[in-house]
Amino acid sequence: MPGPRDTPLAVLTSRVRIEEKRIFEALERRNIPYHHLDERDLSLALVDEPVSWTAVINRCMSNTRSRYAAQLFEAYGVRVLNSSQVIATCGDKLLTSLALVKAGVPTPYTMVALSPAAALAALDRIGYPAVLKPVSGSWGRLLAKVNDRDAAEAILEHKQILGSPQHSVIYIQEYIDKPGRDIRVIVIGERVLCAMYRQAEHWITNTARGATTRPCEITDELAELVLRAAAAVGGGALAIDVLEHADGRLLVNEINHTMEFHGMMSATDVDVADALVQYALEVTGL
């Protein structure tokens, strides 16, 4: 049950979804007192704020609010899962890609352009079809598969007219002709917890877009790949999306720092919430 403000552990939420309910249930089964902190109620002074929580499980849905909340807590010496550095990296597809490439983790071929003209030149280099993505976003929103130059010009014109900073950085990936599915793997600390296939007729295979799920075997190759990917972005509790190339290669596509896992728990019967709570206790010493 939620405890008082001086409870050592807080769970910060945007709203209470299935995942947060499971986290609360796991904490209560273990008789661990916690404080449920709604992000709408959060305000902290930058000096002399009496913050008595020693650890926060950060479940903010907004990447921006999640990162700034983590930075505020960390400024007071509070351990946040995941850290602000991990949130900043995983919440930006360009920063994620840079971290993965630097670590030698295989990913889809990616280019970034800062103008429509440069983007068209990059697309000519990558070849069609290709995928345009916002550098920040989730649930498969604002992704566009462009099959030819005409489609690319239309999408890029829309981005230019929308005019937001998000649309001024054009993130372009080669299109991977995956076998109607991708693989989502949950890594918590040094442990590869579970994996599932997300299957869909549409080329976007997010469960938020209606993909179905089933268990995926964690092979040595898959485990080694996702552990390297997790380490590249700073580690923690992460959901890593992997694509299967037609030539047999596994490619890390994206890494999620505030993972939804109700689909994984249905597909695999693994208690992800309890594993997350156990990890929080281990790394914070609570």
Side-chain angles (χ1 to χ4, degrees), residues 63 89-185 197-212 216 221-222 225-226 229 232-233 239-256:
N63 178 67
T89 301
C90 295
D92 186 307
K93 292 180 177 63
L94 172 54
L95 296 184
T96 301
S97 293
L98 289 171
L100 293 173
V101 169
K102 183 178 180 180
V105 177
T107 67
Y109 186 79
T110 302
M111 297 185 71
V112 176
L114 301 181
S115 74
L120 288 171
L123 283 160
D124 287 341
R125 180 172 167 183
I126 289 175
Y128 294 96
V131 178
L132 301 179
K133 297 181 179 181
V135 290
S136 179
S138 57
W139 299 319
R141 294 176 300 191
L142 297 179
L143 271 64
K145 177 187 172 189
V146 291
N147 294 319
D148 53 38
R149 189 179 178 93
D150 287 344
E153 288 175 346
I155 294 293
L156 292 169
E157 181 181 10
H158 291 166
K159 285 181 172 291
Q160 190 172 32
I161 291 173
L162 286 170
S164 72
Q166 180 176 351
H167 293 298
S168 65
V169 178
I170 305 162
Y171 179 98
I172 311 161
Q173 278 189 335
E174 65 171 319
Y175 174 72
I176 305 298
D177 190 14
K178 57 193 179 187
R181 67 188 188 193
D182 70 357
I183 302 170
R184 168 157 286 196
V185 188
Y197 290 114
R198 301 187 298 184
Q199 191 94 26
E201 293 184 6
H202 196 275
W203 69 275
I204 300 175
T205 48
N206 295 67
T207 53
R209 301 282 290 266
T212 59
C216 173
E221 179 187 12
L222 181 60
L225 175 68
V226 295
V233 298
I240 301 175
D241 296 339
V242 177
L243 303 180
E244 302 165 278
H245 196 283
D247 63 13
R249 289 178 295 148
L250 296 178
L251 307 173
V252 174
N253 188 37
E254 294 182 6
I255 303 181
N256 302 272

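Computed from a predicted model, the values in this text were never measured in an experiment. Counting from 1, the numbers follow the sequence of the chain as shown. FYI, side chains are in, hydrogens and waters are out, and symmetry mates aren't considered; it's all heavy atoms of this structure.
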Requested in this report: Say whether, by atom type as modelled, one donor and one acceptor occur between the side chain of Thr110 and the main chain of Pro108 under 3.5 angstrom.
Outcome: yes

Report task. Spell out, as yes or no, whether a donor-acceptor pair under 3.5 Å connects the side chain of Thr96 to the backbone of Thr89. Result -> yes

Indicate yes or no: at least one non-hydrogen side-chain atom of [X] is less than 4.5 angstrom from one of [Y].
X	Y	value
Leu143	Pro134	yes
Leu100	Ile255	yes
Val252	Asp241	no
Asn256	Arg184	yes

Requested in this report: Return yes if a side-chain donor-acceptor contact under 3.5 Å exists between Gln173 and Tyr171, otherwise no.
Outcome: yes

Query raised in the report: With distance as the sole criterion, is a donor-acceptor pair present between the side chains of Lys133 and Asn253 under 3.5 Å?
Result: yes

Query raised in the report: Gln199: what forms a side chain to side chain contact (heavy atoms under 4.5 Å, CB included) with it, not counting sequence neighbours?
Result: Arg181, Thr212, Arg214

Query raised in the report: side-chain contact (heavy atoms from CB on, under 4.5 Å) between Cys216 and Val185: does it pass, once the steps are laid out?
Result: CA-CA 9 Å; Cys216 173; Val185 188; over 6 Å; no

Query raised in the report: When you check the gap from the basic side-chain N to the acidic O, do Arg249 and Glu244 get nearer than 4.0 Å?
Result: no

Contacts under 3.5 angstrom, residues 123-132 side chains, donor-acceptor by atom type, not counting sequence neighbours:
unit_1	atom_1	unit_2	atom_2	d
Asp124	OD2	Arg149	NH1	3.1
Arg125	NE	Tyr109	OH	3.4
Arg125	NH2	Tyr109	OH	3.1

